[in-house]
Amino acid sequence: MSPEPAGDPDARPGPAGGSEPRTPPGSAVPVGPAPGPRSPVRHAPVRHALGRISSAAFLALVAAFFALPMLWLASAPFDAHPSITVSVPEFTLANFRAILANPYAAGSIVNSVIQAGGAAVLVVVLAALAAYALSRVRVPGRDVLLYVLLLLSSVVTGTAAMVPIFELATRLGLVDTHLGVILVVSGGLLPAAIFILKDFMDATPTSYEESARVFGASPAQILRHIVVPLVRPGLATVAVWAVASVWGGFLMQYILLRDPDKSPSAVVLFTLYTEGGQPDLPLISTFSLLYSLPVVLMYLFVSSRYGFRFHGGIKQ
Amino acid sequence: MISVHGLTKVFPGGVRALDSLDLEIGEGEFFALLGPSGCGKTTLLRTIAGLETPTSGSVVIGGTDVTALPPGRRDVAMVFQDYALFPHMDVTDNISYPLRIRKVPRDRRRARAAEVAGRLSLTELLGRRPGQLSGGQQQRVALARAIACHPRAFLFDEPLSNLDARLRLEARTFLKRLQDELGVTTVFVTHDQGEALALAHRIAVMDAGRVAQVGTPTEVFHRPATTFVASFIGSTPMNLLPGRMGDGALHVAGAVLPAPGDPPGGGDGGDGGDGGEIVYGVRPEYTDLSTTRRDDGFAGEVAVLENLGTATLVTLEGPGHLVQAVVPEGREPALGTTAWAVPRPGRALLYRDDVLVGRA
Amino acid sequence: MNTDAAGLGRSRAVVFALPALVLIGVFLVFPALWTIYLGLTDYRLTGLAAADPQVVGTANYTAALGDERFRSSFWLTAQYVLGSAVIGQAGLGFTLAWTLRGRRGTVRRVVEGLVLLSWILPGSVVAFLWIALLDRDGGTLNALLGTPGAAWLLDHPMLSIIVFNTWRGTAFSMMLYSAALENVPVSHLETARLAGASTLQRLRDVVLPQIRGHVLTNVLLTSLWTFNDFTPFLITAGGPEGRSEILPFYVYNTALRGGQLGFGAAVSFLILLINLVFALAYLRLLRNRREVAV
């Protein structure tokens, strides 16, 4: 970023006295009206200050808008008497006991882990194999295939295909099984995963593999020793993305699972607040927090490690 | 040791990279494949390695036809232009990778890596990753990895091109000495004729998928078999001037020169004898400059002076031609004056239809 | 050149790619094709038509187009996409990126963090957070505005889910525009400033022409995703009385809840077609941009 020439007090923590230590040598030409007595446009500083104030007010408003719904999630779980209104909590950890008291809550976390983990492993392994083959071998029709895959992944959404998918799962006996959820969501995630990983593989020079090949390594060894370590960031990206989408996903799990013993947290939480009667706020608040925590931690980890380079599916 | 017969490689799309090429490389030889980019030299090296499958023809290594064998079973080691050091492995693991493929036990692998590393003064770097090494160090690690597996032959693809100019000279000397000590047959690809002349026992100059000439550095330098080789070899390009033979003399660019002496390889001396179009070639290094009029010299105005350090390259602009001559330092003519470039007797080459037919 | 560096060979390449392709074929391609067939039948979840569905031709489509509820659902969907994706997410996302551009430090981190958090929290969690926020009796919004008893979800269901989805999805647009704005050369902006252009003029004359491709990408993608979003169902379930029943909820309510699978499939097919239009437009855009880039 180049410095704001009109004098941005925040962006220029330079020593007082008018020197401009952060301005690179070639660009030290003052651009725009400089604040000061010699300035030809006297009202510029005023307008600038007004601009700063209005942008600060706007940001404060936006921050409040985004924070407001989440305040409840931060306060209610620790409130001895949680209500639906946000209030300063009377601190307690007792609410977390409600999770164990509920017959489905704790188990649903396990179900979420099984389904998200299973789908992530399946997607990463299958997508890596397919992406490698498509990146390195010129199969006839490859480009068309990739184009169609990319198209499909954005067209055939869960919303658009819930009827046939429900019907298909019923006929294959996959309703009320973890496997059914894993297969269905993997089918939806795979095209974009293949696309992301192929990008990563295309970016690695082929001389690594050729070198290993001249030394006698078999294709499987090359994959294991060379390719997988080289594209590990890509594999991690896809794995995190797959886990996050399945963990937070609702619709497919909702239509494929009737048995609450198999249901993941997304579905169990929904039934907790839509079932009749007074909602169990200690349970809903603590369970929501517990269920949200893994994805939040995962994103924090990814953003601290790789920077928040989001690929978000087909978003290139 | 390595021989290829009738090797042809046509890439999908119709590009003919190799055109029924034959080549014999001897045991322990340091052999250069030299040519401009796109001449097929890298394809030839990759075909010997097994990374490319020839369209027709065969590759024989150490008496065995390996044309159908995968690269890993040809017992050759290849050093790539970018070295292809695995970035996720340290130097030890990189050097011992070929032994890992051969299922050599871990401690023996490490011992061998340490031994080879010691030989190439890499011992202190054994624990580092390739990203932490300089270009020269990376090159030596790549060499060490090739040496570690005791191959029958080394294949180097532009081994020096990724180094900066200063380091390249050092690495060149190092490479020559190493090959000498190891005595392993080595084939390397380069587009730099200076590198090929300096390193190789023999050079194959390639042009458009074919071998234009095979010979020792002295042979290809002094007796380029074609005008292509003539213009490609040498640190300054050879003067190639169209001329005519007649009246027992050569008429080239306004100069009258003595008729040719011996033709190459003895034999048919009359070939260059009588009238007809020829191309007259002489290196700037074998061309002297005279500031007084000479009938056996090419006249021209001094157009460019290029300082080569201990000498100067002078370009004369005559009517319809440019001639270059190298003069010792302190002897440069003034720009804009007229001078005569005089070939030294017996140093000029005559080409008819691009093929060497005699000397003059 | 450099094809098949590992010496995989075609047959092994096919073996590598096959499992993924089979899975995609069975659970993505086949359902899409099957939708077409199911949409031409009177298939039902239960009853006589469940055992022996009959092909009824385009009867489902004529029925849908004649159905007042479908037409209203279609109209609500258009409002929802326009309001929350185009105006809400893209508009707010761009304004945020523009305001935050050049800023560093805590303010930027806090604002970005909050916007991102609303994007990554699981759908069923945020749905309840909004139910709590908008609750008629104890909702925080009513407490804040001093409007006890205002039933936002009952009186303004569409507005509620439009604001909700803006809140939910702005992060993507914000990040996309932030990246796009970083690529606008500072020298261009400074030249415009030197010429005395106001902020709006600079946006119109310098920024917009440079990020036009990003705007198009952004609007297409957020529209596509919003159009297919099911999360607001967890808040209103399409109610009250179908006043927030956008097409995804309409399909769920008629097909899986109401049992009219054939009819639901017909409507699904219409959704697929609309998705296809969006996706083709997007891919075309991508391709053009690649050609320009290369």
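Computed over heavy atoms, backbone and side chain alike; hydrogens, waters and symmetry mates excluded. Per chain, numbering begins at 1; letters A, B, ... match sequence-line order. Just so we're clear, the structure is a prediction, and the values are computed from it rather than from any experiment.
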query: How many angstroms lie between atom CG of A/Leu59 and atom CD of C/Glu112, to the nearest 0.5 angstrom?
result: 10.5 Å
query: So which part of C/Ile274 gets closer than 4.5 Å to some heavy atom of chain A, the side chain, the backbone, both or neither?
result: neither
field: chain A contact via C/Val163 - side chain, backbone, both or neither, heavy atoms under 4.5 Å
entry: both
statement: Under 4.5 Å to a heavy atom of chain A? For C/Arg257 that would be side chain
query: For A/Ser83, is it the side chain, the backbone, both, or neither that has a heavy atom closer than 4.5 Å to a heavy atom of chain C?
result: neither
field: Within 6.0 Å of CZ in C/Arg136, more than 12 heavy atoms from elsewhere
entry: no
Region of A/Glu167 in contact with chain C, defined by heavy-atom distances below 4.5 Å: both
message: So for A/Leu174, is it side chain, backbone, both, or neither that comes closer than 4.5 Å to the heavy atoms of chain C?
response: side chain
Side chain, backbone, both or neither of A/Ile284 within contact of chain C (heavy atoms, under 4.5 Å): side chain
- request: With a 4.5 angstrom heavy-atom cut-off, could you sort out which part of C/Leu247 is near chain A: side chain, backbone, both or neither?
  value: neither
message: Quick check on C/Leu38 against chain A: is it the side chain, the backbone, both or neither that has a heavy atom closer than 4.5 Å?
response: side chain
message: If you apply the rule side-chain contact (heavy atoms from CB on, under 4.5 Å), what do you find for C/Thr170 with A/Val62, and how did you get there?
response: CA-CA 11 Å; C/Thr170 295; A/Val62 169; over 6 Å; no
- request: Count the heavy-atom pairs under 4.5 Å between each of A/Ile222, A/Val295, A/Leu168, A/Leu122 and chain C, then report the option with the highest count.
  value: A/Leu168
Proximity breakdown for C/Leu134 and chain A, heavy-atom pairs closer than 4.5 Å: neither
statement: Whatever's closer than 4.5 Å to a heavy atom in chain A on C/Val111 counts as side chain
message: Is any side-chain heavy atom of C/Tyr282 closer than 4.5 Å to one of A/Ser154?
response: no
query: Any donor and acceptor pair, going by atom type alone, linking the side chain of C/Thr140 with main-chain N or O of A/Val86 inside 3.5 Å?
result: yes
- request: Side chain from CB out, backbone as N, CA, C, O: work out which of these in C/Ala127 comes under 4.5 Å of a heavy atom of chain A, or both, or neither.
  value: both
query: C/Asn228 versus chain A, heavy atoms under 4.5 Å apart: side chain, backbone, both or neither?
result: both
query: Between C/Ala20, C/Gly25, C/Ala13, which shows the greatest number of heavy-atom pairs under 4.5 Å with chain A?
result: C/Ala20
- line: Closest non-hydrogen atoms of A/Ala160 and C/Ile271, given as atom of the first, atom of the second and distance, are CB-CG2, 3.8 Å
For A/Ser292 against C/Leu121, the heavy-atom pair lying closest together: CB-CD2, 3.6 Å
message: Please find the pair of heavy atoms, one from A/Ala63 and one from C/Leu114, that lie closest to each other, and give the distance.
response: O-CD1, 3.6 Å
task: List the steps and the verdict of side-chain contact (heavy atoms from CB on, under 4.5 Å) for C/Leu133 and A/Trp72.
output: CA-CA 8 Å; C/Leu133 178 76; A/Trp72 188 83; over 6 Å; no
message: Looking only at the aromatic ring of each residue, does the gap between the centers of C/Tyr252 and A/Tyr254 stay below 6.0 angstrom?
response: yes
field: Taking every non-hydrogen atom, the tightest pair across C/Ser124 and A/Tyr273
entry: O-OH, 2.9 Å
query: What part of C/Leu280 gets closer than 4.5 Å to chain A, counting heavy atoms only: side chain, backbone, both or neither?
result: both
query: Which word best sums up how the rings of A/Phe250 and C/Phe230 line up, parallel for under 30°, tilted for 30 to 60°, or perpendicular for over 60°?
result: parallel
task: Rounded to the nearest 0.5 Å, what's the gap from CG on C/Leu117 to CE on A/Met70? Could you check?
output: 4.5 Å
task: Report the option among A/Ser285, A/Pro279, A/Ala161, A/Ala266 that has the most heavy-atom pairs separated by less than 4.5 Å from atoms of chain C.
output: A/Ala266
Interchain contact, C/Arg108 with chain A, by part (heavy-atom threshold 4.5 Å): neither
- prompt: Given that the side chain runs from C-beta out, which part of A/Ile194 has a heavy atom under 4.5 Å from chain C: side chain, backbone, both or neither?
  reply: side chain
query: Could you give the distance from CZ (C/Phe249) to OG1 (A/Thr159), rounded to the nearest 0.5 Å?
result: 8.5 Å
message: Please report the interatomic distance CZ(C/Phe128) to CZ(A/Phe287), rounded to the nearest 0.5 Å.
response: 13.0 Å
message: Let's test your reading of the structure: which of A/Leu272, A/Val155, A/Leu145, A/Leu126 forms the most heavy-atom pairs below 4.5 Å with chain C?
response: A/Val155
query: What is the distance from atom CD1 of A/Ile165 to atom CH2 of C/Trp34, rounded to the nearest 0.5 Å?
result: 11.0 Å
- line: Residues C/Leu23 and A/Ser186: closest non-hydrogen pair is CD2-CB, 3.8 Å
message: So does C/Leu283 get a backbone contact from the side chain of A/Tyr147, meaning a donor-acceptor N/O pair under 3.5 Å?
response: no
message: Heavy-atom pairs under 4.5 Å with chain C: which of A/Ser265, A/Ala133, A/Pro219, A/Gly248 has the most?
response: A/Pro219
statement: Per-residue tally against chain C (heavy atom, under 4.5 Å) across A/Leu68, A/Leu134, A/Thr274 peaks at A/Leu68
message: Once you measure the plane-to-plane angle for A/Phe65 and C/Trp130, does it fall in the parallel (<30°), tilted (30-60°) or perpendicular (>60°) bin?
response: perpendicular
query: At a heavy-atom separation under 4.5 Å, does C/Leu189 approach chain A through its side chain, its backbone, both, or neither?
result: neither
query: Quick one: what part of C/Leu272 sits under 4.5 Å from any heavy atom of chain A, side chain, backbone, both or neither?
result: both
- prompt: Does the pair A/Phe58 and C/Thr95 meet the rule for a side-chain contact (heavy atoms from CB on, under 4.5 Å), with working shown?
  reply: CA-CA 10 Å; A/Phe58 170 72; C/Thr95 317; 3.5 Å; yes
query: Is it the backbone or the side chain of C/Ala255 that comes under 4.5 Å from a heavy atom of chain A, or both, or neither?
result: side chain
query: Out of C/Leu96, C/Leu28, C/Leu273, which one racks up the most heavy-atom pairs below 4.5 Å with chain A?
result: C/Leu28
field: Distance (rounded to the nearest 0.5 Å) between A/Leu223 CG and C/Phe16 CZ
entry: 5.5 Å
query: At their closest point, which heavy atom of C/Ala279 faces which heavy atom of A/Leu151, and how far apart are they?
result: CB-CD1, 3.8 Å
